[in-house]
Each structure stands twice: as structure tokens, then as C-alpha cells.
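Everything on this sheet refers to the single structure shown next.
Bear in mind that the values here come from a model prediction, so they are computed numbers and not experimental data. Chain letters run A, B, ... following the sequence lines, proteins first and then strands; every chain starts at 1.
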Number of protein chains: 2
Amino acid sequence: MVTLAEVAQHAGVSASTVSYVLSGKRSISGATRQRVEQSIRELGYHPNAGARALASSRSNIIALMVPLRTDMYVPVMMEIAIAVATTARLHGYDVLLLTGEEGPDAVRRVTGSGLADAMILMDVELADERLPLLRGTDQPSVLIGLPADTTGLTCVDLDFGATGALCVEHLAKLGHHDIAVIGEAPAVYERHTGFAERTLDGLRSRARELDLRVLHRPCEGGYDAMAVTLARIFDERPGTTGFVVQNESAVEPLLALLRQQGRAVPEDVSVVAVCPDQVATQASVRLTSVAIPAQEMGRYAVEHLVAKLDGRGSDEVVLIAPELTVRASTGPAPSAS
Amino acid sequence: MVTLAEVAQHAGVSASTVSYVLSGKRSISGATRQRVEQSIRELGYHPNAGARALASSRSNIIALMVPLRTDMYVPVMMEIAIAVATTARLHGYDVLLLTGEEGPDAVRRVTGSGLADAMILMDVELADERLPLLRGTDQPSVLIGLPADTTGLTCVDLDFGATGALCVEHLAKLGHHDIAVIGEAPAVYERHTGFAERTLDGLRSRARELDLRVLHRPCEGGYDAMAVTLARIFDERPGTTGFVVQNESAVEPLLALLRQQGRAVPEDVSVVAVCPDQVATQASVRLTSVAIPAQEMGRYAVEHLVAKLDGRGSDEVVLIAPELTVRASTGPAPSAS
DNA sequence: ATAGGTTGTCGAAGCGCTTCGACACTTTCT
DNA sequence: AGAAAGTGTCGAAGCGCTTCGACAACCTAT
């Protein structure tokens with residue numbers, strides 16, 4: 001293992017000079033810098049992370065807490081994680097992967113031990129147990145998701161309220177009057193993650209303004225659950241012609257069942273999904289959808305943290321404006337054609 | 001920030017005694033131990049990770065290199081990552097998330113800086129650039145996947161050869177003679193990740209023994225690509241009654257297209273998939289499948305590393321025996337009924 | 001020519017922990 | 001009873017780095 005001191009000796013300078021070449025915190029003459037850099041290369045020097053962390057009280061690590069569940073939104077989570085890791089590297093940070101399993105203890109452990117300089121939390125609940133801890137520390141953090149009380153916190157999320165509104169507007173413009181919303185599994189609502197409710201609220205209030213009828217049904221993923229849900233919907237509102245789906249694992253079953261019942265998409269029935277683009281484009285019908293901007297959220301989270309660690313930036317809540325992409329699953333309402 | 005010294009003072013012992021209470025590396029009397037533990041609790045002490053790493057040259061971190069691609073096997077990757085993180089915590093390790101992006105440089109950086117004590121590599125190619133580096137260091141590592149040359153390496157993977165054989169045996173037992181294999185996208189084969197080829201080899205050689213005909217077609221995911229592929233298959237081998245699919249994003253399109261063509265599953269055509277259980281059970285037909293044991297691989301990788309770091313364990317290649325679960329997508333061949 | 005300001009480099013202290021050898025004390029064996 | 005072995009604790013060194021103050025050496029303005 002090559003040390004700073006060896007590099008210094010090799011280059012004929014003092015250790016501190018090498019350190020300053022590395023960090024750029026003091027000016028170094030061109031000649032010295034080149035000599036040192038040359039030595040670093042020749043010796044294959046890598047600064048020791050532990051020593052660095054100890055001396056500078058900076059680990060250059062960002063902790064990312066992902067949910068333990070692997071049953072929901074997996075691609076989104078993964079995409080966020082990758083975006084976080086990639087962006088972090090761009091800024092000289094590494095990423096520590098924590099699972100939600102440990103809960104608040106993980107937060108305590110990480111902040112207490114100086115393992116990480118900052119944290120990103122995913123899968124935030126409305127009254128998340130970890131929030132008081134975050135407020136009580138001076139370690140920067142970003143939530144991906146929106147808790148009930150955001151005072152003193154930085155959050156980023158898709159504007160799900162606007163997303164709901166956008167979906168219903170699109171359907172309204174096409175002449176649909178009876179809208180069914182197929183939501184996440186009941187468990188998601190019970191967990192109070194918030195995003196599902198926000199979508200619904202946004203959607204309902206816009207629907208009221210536009211004078212549309214909305215029927216909301218939570219739904220487990222899979223074909224069997226979807227079949228039951230769909231039957232109930234058409235039973236209660238036979239005139240339903242517009243669907244908004246916010247449940248990845250219900251998308252394909254819905255399309256299959258509609259097809260099976262002889263309801264053509266988009267001729268008889270229109271479907272708008274709230275899902276990652278990949279799901280929307282790989283479905284059996286290319287879906288009109290509002291994308292979940294996973295990459296953008298991950299990137300934003302890291303960049304905000306880096307700014308804060310550099311002494312810039314402040315607390316804020318950023319809601320990303322939804323974008324609706326029209327594909328092949330929505331069209332004029334049958335009565336309007 | 002509470003330090004070891006403060007704990008020591010509070011408990012009325014020396015710093016080294018506290019350290020030994022924490023590590024258990026020397027015997028400590030019950031009374032002292034309790035006093036120290038009490039102080040730790042009262043002060044809310046957390047050992048500083050950097051100092052610890054520096055003094056002990058152990059970071060208690062395991063690096064996990066995940067592929068950058070988010071287009072393939074995402075749920076499997078995620079499941080492995082979660083299993084790795086969970087198992088690591090059980091053994092007192094944290095997990096550093098690296099993306100494949102940096103390639104061999106990441107390996108150099110991590111081993112050089114002592115950021116991590118060990119590494120787990122996913123998405124290993126047959127002649128992976130990172131292998132020479134791993135062989136040239138004394139830092140333990142585990143590959144999830146199988147390169148061409150495994151000398152001096154520890155690897156864990158599903159036994160894809162046996163998997164292929166198992167699929168074809170199952171179909172043979174049901175009386176199918178003409179088997180079509182729908183593989184990964186051509187890019188996967190070109191990348192030489194090995195697993196796809198191994199499945200195919202195992203499948204083909206067993207098919208030869210059982211006197212079956214096999215037609216292999218790589219396939220991009222999605223409906224359009226699948227439609228083309230399927231048409232070609234039935235064109236070339238109209239008598240095909242058995243399918244083996246090793247491509248998550250081809251599964252649902254295949255089922256939909258078969259249905260659309262009036263070929264009932266499993267009455268007219270049987271389908272065996274190689275995919276995570278979640279995909280198999282959530283598909284429109286509950287699929288007979290060989291599961292990809294993501295959790296098991298993740299857990300094994302960590303446990304092997306921990307053993308190695310503790311001075312136990314040695315290099316070895318572990319191939320996990322495939323298990324075929326019969327569900328609703330396979331049945332007797334039509335001619336045999 | 002001299003005070004004042006820059007610029008580039010160095011030495012030393014110290015970050016918080018682990019670990020080694022030493023040492024006092026107790027127990028066990030002959 | 002004395003030597004040998006085991007127990008529990010301490011002090012000090014040192015892990016590899018950052019950072020602060022000091023200080024030559026040089027440049028500019030007067």
C-alpha cells in the first residue's frame with residue numbers, strides 16, 4: 001500500500017504539499033504539481049479512505065436508504081439508485097446502500113459514525129419515524145417522496161397532484177365522462193406513502209371542475225385481482241370509457257382483460273398510466289402515460305446534497321411537473337366519435 | 001460527537017478497555033463491561049467509522065458492483081442487491097454501491113483506497129476486464145456469474161446448463177418433440193455474459209440425448225419483436241409445441257401472441273420460463289418455470305466473503321442446482337393426449 | 001531601497017481508534 | 001511455599017491523512 005509520505009519522498013516534497021496538490025486547497029506551482037502527479041502515477045497511489053475521513057471528517061459517501069420491499073416499483077427504485085450512484089461519482093462521492101429494514105436505527109448509526117456525509121431516503125411515509133432524527137442532525141438529507149410535514153426538510157418528488165389532474169384533463173379533452181381510477185394495492189394506501197392519495201386528490205378535484213365522474217378502486221397486481229376489480233367497475237359504472245392506472249403490475253392485466261372482453265383500446269376505452277416509460281412502451285398497447293422521472297429525482301437528490309455539503313443550497317421542496325406522453329392507448333370517447 | 005475517550009472517562013476506565021469491550025478481543029470482567037456498556041448507552045456513543053478503518057485497516061464495507069444497464073433482469077439485480085445488503089448487515093458490514101460504469105477503475109479505486117474490504121461483482125462477462133485485477137489483489141471477492149476462466153476466483157451462479165437440461169426434460173416427459181427456445185436479445189449474446197449460452201448448451205445436449213428437435217431464436221423484448229420471432233418459428237417448425245423462454249420481457253408478449261393466434265396454453269402449446277418467481281406467478285398464465293435464485297446468490301456471496309475475511313473459506317465455484325416448479329403453462333403434448 | 005503584499009512550501013499537531021507489550025494481581029500446580 | 005500460568009487493565013505508539021501557522025522567496029509600489 002502506497003502512502004502519501006512515500007509519494008512525497010518520491011517527488012522530493014513534503015507530505016502536506018502532496019495533500020494540497022490532491023485537494024487544490026492551496027496554490028501549488030506548476031512544476032511541483034507535475035512532479036507530484038507524476039509520482040502519484042508512477043507509484044499507483046490511492047489515498048486511504050479511512051485516513052482521509054478521519055482527518056477531514058468527511059467520508060465522501062452518500063447513504064441511500066432503499067425500501068426493503070421488492071414488490072413494488074422495483075424498476076423505479078433501481079433507476080433511482082443507479083442515477084444516484086452515477087451522479088454521486090460525478091461529484092466524487094460513493095454511495096452506501098442501506099435497506100429500510102433497520103429503520104430509524106440506520107439513520108442514527110450512519111450519522112453517529114460519520115460513515116456517510118449525507119443521506120437520501122426513499123419510500124417516505126407521511127409520518128415517517130426517521131424524520132425527527134433528520135431534523136435533529138446537521139447532516140444534510142433529501143427525501144424522495146413527500147411526508148406530511150416538510151418543515152426543515154428537503155424533498156423531491158413527482159407532483160402527483162398535478163399528475164392526477166393531467167391524466168383526467170387528457171381524458172376530458174377526448175370527451176370521456178366516466179373515469180375509473182385503478183390504484184395501488186390497498187396495502188400501499190394503508191402504509192400512508194402519500195403519493196397515491198395525492199394523485200387521487202389532484203385527479204378528483206380537477207374532475208369536479210371538469211364535471212366528470214370518477215370511480216376509484218385500489219387493486220392488487222395480477223390477473224385475478226384485476227378481473228374482479230374490473231368486473232365491479234363495469235358493474236357499477238357501465239358507461240366507463242376512461243381509465244387511469246397507477247399500478248405497474250395492474251397495467252398488463254387490465255389491457256389483457258379489456259381485450260378479452262372485446263373492448264378495444266383506444267376505440268372503446270382509453271387508458272392512461274402513471275408508470276415508468278419502460279412499462280408504458282413495452283406494454284401490449286403503447287400506453288399514453290405520465291412518466292415517473294426516476295433519473296431526474298435521483299440526480300436532483302445528489303446534486304442538492306453536494307451543494308449543501310459545499311455550503312450552498314437550502315431546504316426546499318421540489319415537485320417535478322408531470323409530463324403526459326400521448327401514445328396509442330387513448331383516443332376520443334366512443335360517444336364523441 | 002462522542003468519542004471513545006469520553007466514554008472511557010465516563011466509565012472510569014482507559015480507552016483501550018472500552019475498545020476491548022467493543023471488539024471482544026480481550027477478556028473483560030463482567031463489572032467493567034457493564035459499566036462501559038452503560039456509559040456507551042448513556043452518552044449515545046457510536047464509534048467513528050473513519051478512525052476505525054484507519055486504525056484497523058478494516059472498513060467493514062463490502063462493495064457491490066451492479067451493471068449500469070437498467071434494461072435487463074432488473075428485478076433479479078434488485079433482489080440480489082437487497083439480499084446482499086441485508087445479509088451484510090447481519091454480519092456487521094455495510095454495502096457500497098458501485099455501478100459498472102467505471103469498469104476496472106472502480107476495482108482499482110476500491111482496493112487501493114481501502115474503501116471496502118471485499119467486493120461482489122455482478123454481470124460478469126466471459127473475459128471480464130476486471131478479473132486480472134481481482135486475481136492480482138488479496139482482497140476477497142465473489143462473482144455472481146461465471147467467467148470463462150475461474151482459476152483463483154470464487155463464483156456463484158445458477159447452474160444454467162442444468163437449467164436448460166431440466167426445461168427440456170420436463171417438456172420431453174410431457175411428450176413434446178419440437179422445442180423452440182426464445183432467448184435473450186442478441187446484444188446479450190454478443191456481450192458474452194455466458195449464462196445464455198450455458199442454458200442453450202445444456203438444453204441442446206440433453207435434447208440430443210432425448211432425441212428432440214430444438215430451434216433457438218434470440219429475441220428483443222416487446223410485442224413487435226416477439227411477433228416476428230414467433231411467426232418465423234412456426235414458419236420453420238410448424239409442429240412446435242414446446243417453448244422455453246429465457247427473457248423476462250418476452251414472456252408476456254409470447255403468451256399474448258399465442259392466445260391471439262388461438263393456441264391455448266397449455267393445451268396446444270407448453271411454455272417453460274427461466275425467470276424470477278415473481279414474473280412466473282404474475283404472468284397471465286401461471287408459468288412453469290425455473291426460478292433464478294437471486295436471494296440465495298446474494299446471501300451466499302456475502303457469507304463467503306465474511307468467511308474469507310475471517311480467515312476461513314477458500315476459492316470455489318458454486319453452481320446452484322435449478323429447481324423447476326410446475327405451474328399452469330405446461331401440459332401433455334397435443335399429439336400425446 | 002524598503003515596507004508591504006503575494007505565492008509556494010514545510011513542519012507539526014491531531015483526527016479517534018486499535019493493538020501491543022507491560023504490569024499487577026489472582027489462581028493453579030508441584 | 002514458590003514458580004508458573006492465567007486474567008484484567010492500562011499506557012503509548014501509530015494508522016495515513018488534513019490543516020494551520022510559519023516562513024522563505026519573490027514581486028510590487030512608494
Side-chain angles (χ1 to χ4, degrees), chain A residues 1-37 39-40 43-61 92 109-117 309-311, chain B residues 1-37 39-40 43-61 92 109-117 309:
Chain A
M1 196 96 310
V2 187
T3 71
L4 218 194
E6 295 176 84
V7 174
Q9 191 174 7
H10 187 272
V13 296
S14 76
S16 46
T17 302
V18 177
S19 178
Y20 287 124
V21 167
L22 251 29
S23 69
K25 294 194 179 171
R26 284 204 183 171
S27 54
I28 296 286
S29 71
T32 308
R33 154 169 293 116
Q34 292 197 352
R35 207 140 33 83
V36 170
E37 281 167 354
S39 297
I40 288 176
L43 301 177
Y45 169 71
H46 284 274
N48 181 89
R52 211 164 223 204
L54 177 56
S56 64
S57 2
R58 278 299 191 90
S59 62
N60 287 304
I61 288 180
R109 195 166 59 84
V110 167
T111 58
S113 67
L115 233 186
D117 297 332
L309 289 168
D310 289 353
Chain B
M1 197 97 306
V2 187
T3 71
L4 219 197
E6 296 176 83
V7 174
Q9 191 175 6
H10 186 272
V13 297
S14 76
S16 47
T17 302
V18 177
S19 178
Y20 286 124
V21 167
L22 251 29
S23 70
K25 292 194 177 169
R26 285 204 182 170
S27 54
I28 296 287
S29 70
T32 307
R33 155 169 291 115
Q34 293 197 352
R35 208 140 34 82
V36 170
E37 280 168 354
S39 298
I40 289 177
L43 301 179
Y45 169 70
H46 284 273
N48 181 88
R52 210 164 226 201
L54 176 56
S56 64
S57 3
R58 278 298 191 89
S59 62
N60 287 302
I61 288 180
R109 195 166 59 84
V110 167
T111 58
S113 67
L115 233 186
D117 298 332
L309 289 168

Mind checking L4(B) for me? I need base, sugar-phosphate or nothing, with any heavy atom below 4.0 Å counting as a touch. base
For dG8(C) and S27(A) - does any side-chain N or O of the residue sit under 4.0 Å from the phosphate oxygens OP1/OP2? yes
5'-most contact on DNA chain D: G12(B) or Y45(A), nearest heavy atom basis? G12(B)
What is the distance from atom OG1 of T111(A) to atom CE of M1(B), rounded to the nearest 0.5 Å? 7.0 Å
For A53(A) and G50(B), work out which heavy atoms get closest and say how close. CB-CA, 4.0 Å
Are K25(B) and dT19(C) close enough that a side-chain N or O sits under 4.0 Å from OP1 or OP2? yes
Are OP1 or OP2 of dC17(D) and a side-chain N or O of S19(A) less than 4.0 angstrom apart? no
Can you tell which of dC17(C), dG16(D), dT9(C) lies closest to the side chain of A55(A)? dG16(D)
Can you find a side chain N or O atom of S16(B) that sits less than 4.0 Å from OP1 or OP2 on dT19(C)? no
Which sits closer to the 5' end of DNA chain C, A5(B) or S29(A), going by the nucleotide each is nearest to? S29(A)
Could you state the CG-P distance from L22(A) to dT19(D), rounded to the nearest angstrom? 12 Å
Of all the heavy-atom pairs spanning V7(A) and V36(A), show the shortest one and how long it is. CG1-O, 4.4 Å
What is the separation between atom CD on Q9(A) and atom C1' on dC10(C), rounded to the nearest whole Å? 15 Å
Looking at S14(B), does any N or O in its side chain come under 4.0 Å of the phosphate oxygens OP1/OP2 on dC10(D)? yes
Please determine whether a side-chain nitrogen or oxygen atom of Y20(B) lies at a distance below 4.0 Å from atom OP1 or OP2 of dT7(D). no
So does T17(B) get a side-chain nitrogen or oxygen closer than 4.0 Å to the phosphate oxygens (OP1/OP2) of dC10(D)? yes
What is the distance, to the nearest angstrom, from the CG atom on N48(B) to the C1' atom on dG16(C)? 6 Å
Please determine whether a side-chain nitrogen or oxygen atom of R26(A) lies at a distance below 4.0 Å from atom OP1 or OP2 of dT9(C). no
Could you tell me how far apart Q34(A) (CD) and dG8(C) (C1') are, to the nearest whole angstrom? 16 Å
Give, for atom CG of L4(B) and atom CG of L22(B), the distance between the pair rounded to the nearest 0.5 Å. 6.5 Å
Check every atom of dT9(C), dG16(D), dG8(D) against the side chain of T32(B) and return the nucleotide holding the closest atom. dG8(D)
Between CG of L54(A) and C1' of dG14(D) the distance, given in whole Å, is 12 Å
Round to the nearest Å and state the distance from I28(B) atom CD1 to dG6(D) atom C1'. 15 Å
Measure CG/L115(A) against P/dC17(C) and give the value in whole Å, please. 13 Å
Report the distance from atom CG of N48(B) to atom OG1 of T3(B), rounding to the nearest 0.5 Å. 9.5 Å
Nearest-Å distance, CZ (R35(A)) to C1' (dT9(C))? 11 Å
Taking every heavy atom of L43(B) against every heavy atom of E6(B), the minimum-distance pair comes out as CD1-O, 4.0 Å
